[in-house]
Amino acid sequence: MRTILAKHIIQPNNNFNLYHGCTHGCIYCDSRSLCYNLGEFEDIGVKANALKLMDQELSHKRKHVILTTGGMSDPYVHLEATNRLTEGALKLVIKHKFGIYVLTKSAMILRDIELYKLIDKQMKSIVALTITTHSDELAAKIEPNVSRPSERFAVLRAFHEAGITTGIWMTPILPFITDTEANIKTIVAQAKAAGVDFILSFGIGTTMREGSREYFYTQLDRSFPGLKEKYISEYGNKYICPVPQAEKLKKIFKEACDQAGIIHDHKLIKNLFVKNHD
């Protein structure tokens, strides 16, 4: 762990991050890319003055909006169990009467479910979990240090039963690993069973660039011997890497969501980001 003194917390787009880096160990994580300059990724940077700054910044915001977190660093990294920065941030969201949209892979979020319920009562809470495979066994290889998919679906069910809007980020879909019709259909079916409102898919594939690519290939050699060569042959140094049957799987995904009554169109998902209360 290392300490960071931040200059500000809330970004112009209303996003905030309380930590730098992550210990979940996902082999495909784009945040490892050198362009983000996050340093030693597993050496978590903790913004020691985050809550003080956030309190000040929220007090000066004229418009109450839905804040977002979880894009660059999971708000429920392992250190959150003791540091409790995310818990503190949620209490500030309640204090200043804002809304919250959080993205995580961790079942630790259940610890704060009462806070999310309070936020939703005064404005709006949206809870999304990334799920890239329905298989706990496969997830242990590609997302080794975080809650298994079965746990994440249970989290989504709990938040749904609490009346919170819930969603899934079904991205990335890894070529030659998770890019199967059965995987996508099962994720959608389990999402329906958990009462999920929406599933976001940003194309059927993955991304790779300097920093993240090297780590990804090292992990492929460890868990999927021989697959790195297939990636190199298929994608070279490309950043955007769609699966070979991307269009077919996109159609399957859309049809499965339509049948399940789950929103998947990005424009319609935006409609969910409307305050419960003015």
*Asks:* Under a plain distance cut-off of 3.5 Å, with no hydrogens placed, do Y19 and N83 share a side-chain donor-acceptor pair?
*Replies:* no

*Asks:* Regarding H78 and T23, is there a side-chain donor-to-acceptor distance under 3.5 Å anywhere?
*Replies:* yes

*Asks:* I need the minimum non-hydrogen distance between S33 and R209, along with the two atoms involved.
*Replies:* OG-CG, 3.1 Å

*Asks:* Classify the ring geometry of F176 against Y235: parallel below 30°, tilted from 30° to 60°, perpendicular beyond 60°.
*Replies:* tilted

*Asks:* Any side-chain heavy atom of L53 within less than 4.5 Å of one from K7?
*Replies:* no

*Asks:* Just checking, is any N or O donor in the side chain of K61 or N14 under 3.5 Å from an acceptor N or O on the other one?
*Replies:* yes

*Asks:* Using the side chain to side chain donor-acceptor pair (under 3.5 Å) rule, take T178 and N183 through it: C-alpha gap first, then chi angles, then the decisive distance, then the call.
*Replies:* CA-CA 7 Å; T178 58; N183 182 47; 4.5 Å; no

*Asks:* Tell me, please, which residues at least two apart from A189 pass side-chain contact (heavy atoms from CB on, under 4.5 Å).
*Replies:* none

*Asks:* When you measure from the side chain of K47 to the backbone of N17, do you find a donor-acceptor pair of N or O atoms at a distance under 3.5 Å?
*Replies:* yes

*Asks:* Determine, stepwise, if the pair H160 / D197 fulfils side chain to side chain donor-acceptor pair (under 3.5 Å).
*Replies:* CA-CA 9 Å; H160 168 71; D197 295 290; 5.1 Å; no

*Asks:* Can a side-chain donor-acceptor contact be found between D43 and H20 if the only test is distance below 3.5 angstrom?
*Replies:* no

*Asks:* Is a donor from one side chain sitting under 3.5 angstrom from an acceptor on the other, for T104 and D74?
*Replies:* yes

*Asks:* Are a donor atom and an acceptor atom from the side chains of Q219 and Y28 found within less than 3.5 Å of each other?
*Replies:* no

*Asks:* Determine, stepwise, if the pair D265 / K254 fulfils salt bridge (charged side-chain N to carboxylate O under 4.0 Å, His left out).
*Replies:* CA-CA 9 Å; D265 183 275; K254 291 177 181 178; over 6 Å; no

*Asks:* Could you check R32 against E210 for salt bridge (charged side-chain N to carboxylate O under 4.0 Å, His left out), going step by step and ending with a plain yes or no?
*Replies:* CA-CA 9 Å; R32 290 182 181 275; E210 188 177 3; over 6 Å; no

*Asks:* Give the intermediate values and the outcome of side-chain contact (heavy atoms from CB on, under 4.5 Å) for residues V93 and L67.
*Replies:* CA-CA 8 Å; V93 172; L67 306 173; 4.0 Å; yes

*Asks:* For the residue pair S150 / D136, report whether a side-chain donor-acceptor contact shorter than 3.5 Å exists.
*Replies:* yes

*Asks:* Taking the six-membered ring for Trp, are the ring centroids of Y215 and F41 within less than 6.0 Å of each other?
*Replies:* no

*Asks:* Measuring only between side-chain heavy atoms, which start at C-beta, is R148 closer than 4.5 Å to E137?
*Replies:* no

*Asks:* Pairing donors with acceptors under 3.5 angstrom, does anything connect the side chains of T68 and N15?
*Replies:* yes

*Asks:* Which residues, ordered by chain and number, are linked to L268 in its hydrophobic cluster, where ILVMFWY side chains connect at heavy-atom gaps below 4.5 Å, directly or through other members?
*Replies:* I66, Y101, L103, M123, I126, W169, F198, L200, F202, I263, I269, L272, F273

*Asks:* Side chains of P172 and T132, heavy atoms from C-beta outward: is any pair under 4.5 Å?
*Replies:* yes

